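Owing to the predicted nature of the structure, the values given are computational and were not obtained by experimental measurement.
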Amino acid sequence: MRVQSLTLAAASAALLAPTTSPATEPAAATEPAAARTEPAVRHEGDVKAADLLARVRECAPVSRGRYRSDDGTAATIPVCGTRQAVFWKADMDIDCDGRPGSHCNRRTDPAFSDTTAHQQSDGRYLSAESLPYIVVPAASGIWDYREHGVRGGTVAAVVYGDRVQYAVVGDVGPDHIIGEASYATAKALGIRPDPRGGGVPSGVTYIVFKDTQVKPIEGHAAAVATGERLARVFVGAK
């Protein structure tokens, strides 16, 4: 079940009073269904998924409790940590929030919000369609991401199967749920990005490198370069 991401501002106000008129939103995508459900897959950088997964095989919990993957599921997911990163292993729900586009708007996503917790350098909200980003849970008694060097623009490596996608922290979600990333992240990993029924129920590892930040946040090439460098250090590559 997809759960809508929350902004750092009052989430309830955002839900009750959306600021974008449906008339201004782009029409839903018109390409064939196969094109929408068979996203292009790419592997970014040279660090192998297997090497990253080997590095996070053991979990030293840094969260005080555990998260749910969705409302109604058991709380079984801890946030783990090393000196260099925090990480968790979860599902992937699709975040389609931010600037509306042909794939992410109120017609394609019933839980759509036209805001994200973080904004681009030009003041506009992020585009889930074009920017690979991940969602962190809102700070709570379970875990406060800010205490672990995580903020908007922090670099992450998202691993699914044998694929690695670099992303940034771009949005904040419910304080009891973990495992969500943008439409663009899912598409790049070969995961069905449809906000209505896409994503995967398990098998995604999110590795977030502490005390890093890409500026501007929308600079994906910088996220890839920084992520690749940090990933090499993380796995002990020469």
Side-chain angles (χ1 to χ4, degrees), residues 5 39-57 79-90 92 94-99 101 103-104 116-136 145-146 148-172 179-191 193 203-238:
S5 297
V41 178
R42 66 177 182 267
H43 180 101
E44 293 188 323
D46 297 324
V47 177
K48 296 184 182 301
D51 293 334
L52 286 167
L53 294 176
R55 185 68 176 82
V56 298
R57 187 174 294 123
V79 175
C80 312
T82 70
R83 183 175 57 84
Q84 300 158 308
V86 293
F87 64 91
W88 54 91
K89 302 175 183 180
M92 182 181 285
I94 308 302
D95 187 330
C96 228
D97 295 336
R99 298 204 318 275
H103 298 282
C104 293
T116 48
H118 304 290
Q119 295 168 268
Q120 293 188 165
S121 55
D122 61 5
R124 295 189 298 168
Y125 290 108
L126 306 182
S127 168
E129 284 189 17
S130 61
L131 180 66
Y133 70 72
I134 68 168
V135 180
V136 295
Y145 62 91
R146 300 168 298 186
H148 295 266
V150 178
R151 51 190 167 174
T154 293
V155 179
V158 188
V159 184
Y160 179 64
D162 61 354
R163 304 158 193 165
V164 179
Q165 170 69 22
Y166 294 105
V168 292
V169 172
D171 208 355
V172 173
E180 188 173 5
S182 69
Y183 181 105
T185 306
K187 181 178 179 180
L189 288 169
I191 294 170
V204 182
T205 300
Y206 303 78
I207 303 170
V208 185
F209 298 108
K210 298 178 182 178
D211 300 313
T212 61
Q213 189 175 37
V214 169
K215 290 185 178 181
I217 192 171
E218 67 270 23
H220 182 61
V224 174
T226 301
E228 175 75 357
R229 174 175 57 81
L230 295 170
R232 283 184 172 277
V233 174
F234 188 64
V235 301
K238 300 298 183 181

Acceptor/donor pairs from residues 82-90 side chains to any protein atom, 3.5 angstrom cut, sequence neighbours excluded:
| residue | atom | partner | partner atom | Å |
| --- | --- | --- | --- | --- |
| T82 | OG1 | Q84 | N | 3.2 |
| T82 | OG1 | A85 | N | 3.1 |
| T82 | OG1 | A85 | O | 3.4 |
| K89 | NZ | V56 | O | 2.9 |

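Summarising the geometry, atom CZ belonging to R151 is positioned 11.0 Å from atom CD1 belonging to I217; distances are rounded to the nearest 0.5 Å. The OG atom of S130 sits 11.5 Å away from atom OH of Y183, with the distance rounded to the nearest 0.5 Å. One distance of note links OG of S127 with CD of E218; it measures 11.0 Å at 0.5 Å rounding. A distance of 8.0 Å separates SG in C104 from CG in D97, rounded to the nearest 0.5 Å. Taken to the nearest 0.5 Å, the CD atom of Q165 stands 14.5 Å off from the OH atom of Y160.
A side-chain donor-acceptor contact under 3.5 Å links Y133 and D95.
The shortest non-hydrogen separation linking V158 to A167 is CG2-CB, 4.4 Å. Contact detail for Y125 and H118: the closest heavy-atom pair is CD2-O, 4.1 Å.
Within the 4.5 Å cutoff, side-chain heavy atoms of V159 are placed close to those of L53. With contacts defined as side-chain heavy-atom distances shorter than 4.5 Å, the pair Y166/T226 does not qualify. Under the 4.5 Å side-chain criterion, counting only non-hydrogen atoms from C-beta, E180 is not in contact with I94. Between I191 and V204 the shortest side-chain heavy-atom distance falls below 4.5 Å.
Under a 4.0 Å N-O distance rule, the pair D162/K48 does not qualify as a salt bridge.
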Check step by step if side chain to side chain contact (heavy atoms under 4.5 Å, CB included) holds for M92 and Y206.
-> CA-CA 10 Å; M92 182 181 285; Y206 303 78; 3.5 Å; yes
Yes or no on side chain to side chain contact (heavy atoms under 4.5 Å, CB included) for Q120 and L126, after CA distance, side-chain angles and deciding distance?
-> CA-CA 6 Å; Q120 293 188 165; L126 306 182; 3.7 Å; yes
Run the side chain to side chain contact (heavy atoms under 4.5 Å, CB included) check on L52 and I207 step by step: do they pass?
-> CA-CA 9 Å; L52 286 167; I207 303 170; 4.1 Å; yes
